[in-house]
Amino acid sequence: MAIFYQRENGGWQARIRRKGFPPQSKTFLNKTDAVAWARKIEREMDTESFLPSDEAARMTLEELSKRYRGEKLPKLRARDRDKYLLVRVEEAFGRYALSMITPAMLSEYRDRRLREDAAPQTVVHELGMISRLYNTAIKDWKIKIPRGNPVAEVKKPSLANERDRTLEVVEEKLLLDALEQCKTVWPRAAVVLALETAGRMSELLALRWSEVDLKTRVARLRGVDGGVTKNGDAYRDVPLTSRAAAQLKDLPRSTTGRVLPITPNALKLSWSRALASARRAHIHRRLCAQLAKRGFDEVAQAGEVRALIYKKRKPQPMTLKLLEKLEKEDRTLLDLHFHDLRHVATTMLAAQLEMHELMKVTGHKSARLVLRYYHPKAADLALKLA
């Protein structure tokens with residue numbers, strides 16, 4: 001039963017005490033509003049739909065994030081990326097109570113991040129993390145948020161993230177040559193296997209020798225740490241091309257049982273360094289060819305390249321002018337991601353497999369998704385027609 005008190009300032013306070021529920025109280029300007037609120041709360045208690053909303057006013061987003069880290073994050077496949085996202089949203093909204101964060105605040109945050117040159121996809125991920133925190137609080141932990149999930153009313157940045165970047169033949173040779181200089185064989189092997197199997201980085205790094213059959217030339221790919229794949233399958237069996245089988249035969253066997261005993265971060269670093277090294281070597285070779293046309297002998301060419309690399313002296317103005325033009329016009333090995341190798345492999349396999357067979361290899365659930373990774377050249381299609 002509700003009890004109503006008139007306060008000294010003229011306002012009215014409604015108090016509700018009922019067995020099995022936490023005490024509820026709220027102050028209003030007039031008694032009519034206090035009575036209406038009390039009836040609403042008692043009706044929710046009668047129908048077992050009552051959820052206390054004061055917890056949302058006490059709990060900050062930082063506190064919610066910490067609970068999420070402890071209870072939900074360890075079970076997720078993308079927990080490393082999510083840790084970074086949690087840090088970002090905590091920095092922006094951690095001090096605010098859950099009930100105080102509004103769609104307007106989130107919209108302002110979205111616009112500010114885009115002005116800071118954050119990629120639209122990054123901003124979508126950050127808003128998605130905030131939405132996940134609220135949904136977890138509401139659905140799993142039964143925390144009543146008076147206005148619901150505020151992210152639901154925020155327009156997300158538009159995305160144009162479909163890529164058609166492939167690896168040209170000359171780029172592949174340059175990249176593999178650069179990877180030969182790595183301290184271990186694993187980065188180069190990972191690239192070759194990605195090009196031949198269309199496997200994701202996480203799937204290739206989880207591959208174990210016990211799930212590779214070189215006689216039948218089949219490998220069983222799993223997700224991060226041997227868990228389910230990105231598409232939710234327990235595993236995916238992929239055929240090995242002659243090149244993939246040969247690469248596997250040449251690899252030393254690690255005591256860990258993993259085919260590629262290297263961490264994702266180490267592979268990404270090796271990839272980035274090899275790209276930079278291969279592009280630099282390519283640009284310098286082209287530069288030397290152009291210098292040769294302008295009368296520079298091999299010794300002079302080598303001296304100009306050393307000047308560019310070691311910066312002990314300033315290169316000649318002509319060298320700098322030619323280099324600037326090459327850097328601007330030659331796109332070799334630029335804007336290339338490890339995941340683009342999956343596009344290359346899918347396009348190669350599509351020339352030999354039917355669509356339903358290709359989907360089994362790539363793990364896609366629909367032909368529409370496969371087409372995001374299939375990028376044939378018009379010239380190659382013309383040859384088929386001929």
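For this chain, numbers begin at 1 and follow the sequence in order. Everything numeric here is computed off the predicted structure, so don't read it as measured data.
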Problem - Qualifying residue for side chain to side chain contact (heavy atoms under 4.5 Å, CB included) with Leu133, from Leu64, Ile138, Leu98 - result: Leu64
Handout entry: Residue among Asp33, Val35, Ile41 satisfying side chain to side chain contact (heavy atoms under 4.5 Å, CB included) with Trp37
Key =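 Checked Asp33, Val35, Ile41 against Trp37; only one passes side chain to side chain contact (heavy atoms under 4.5 Å, CB included): Ile41.
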Can you confirm whether more than 12 heavy atoms, excluding those of [X], are under 6.0 Å from its [atom1] atom?
X	atom1	result
Arg112	CZ	yes
Glu324	CD	no
Glu298	CD	no
Phe28	CZ	yes
Leu76	CG	yes

Exercise for the section: Only one of Lys66, Lys83, Arg69 passes salt bridge (Lys or Arg N to Asp or Glu O under 4.0 Å) with Glu90; say which it is. Expected result: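 When salt bridge (Lys or Arg N to Asp or Glu O under 4.0 Å) is applied between Glu90 and each of Lys66, Lys83, Arg69, only Arg69 qualifies.
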Do we see a donor-acceptor contact under 3.5 Å between the side chains of [X] and [Y]?
X	Y	answer
Arg236	Thr362	no
Asn265	Thr263	no
Glu126	Tyr109	yes

Are any of the side-chain heavy atoms of [X] and [Y] separated by less than 4.5 Å?
X	Y	answer
Leu287	Leu308	yes
Phe296	Gln316	yes
Arg286	His282	yes
Val305	Thr319	no
Ile130	Tyr134	yes
Trp12	Thr32	no

Exercise for the section: Decide, yes or no, whether a salt bridge links Glu172 with Arg243 under the criterion of side-chain N to carboxylate O below 4.0 Å. Expected result: yes
Handout entry: Pair Arg258 + Glu211, salt bridge at N-O below 4.0 Å
Key =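 No, this pair does not count.
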Practice task
Identify the two heavy atoms, one from Pro187 and one from Ile262, that lie closest to each other, and give their separation to 0.1 Å.
Solution key: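 That would be CG-CD1, 4.0 Å.
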Handout entry: Least distance between heavy atoms, Arg222 atom then Ala206 atom
Key =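 Smallest heavy-atom distance, with atoms named: O-CB, 4.1 Å.
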Do the side chain of [X] and the main chain of [Y] share a donor and acceptor less than 3.5 angstrom apart?
X	Y	result
Thr229	Asp233	yes
Thr197	Leu193	yes
Asp250	Gln247	no

Handout entry: Between NZ on residue Lys72 and CG on residue Leu86, distance to nearest 0.5 Å
Key =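 The CG atom of Leu86 is 13.5 Å from NZ of Lys72, to the nearest 0.5 Å.
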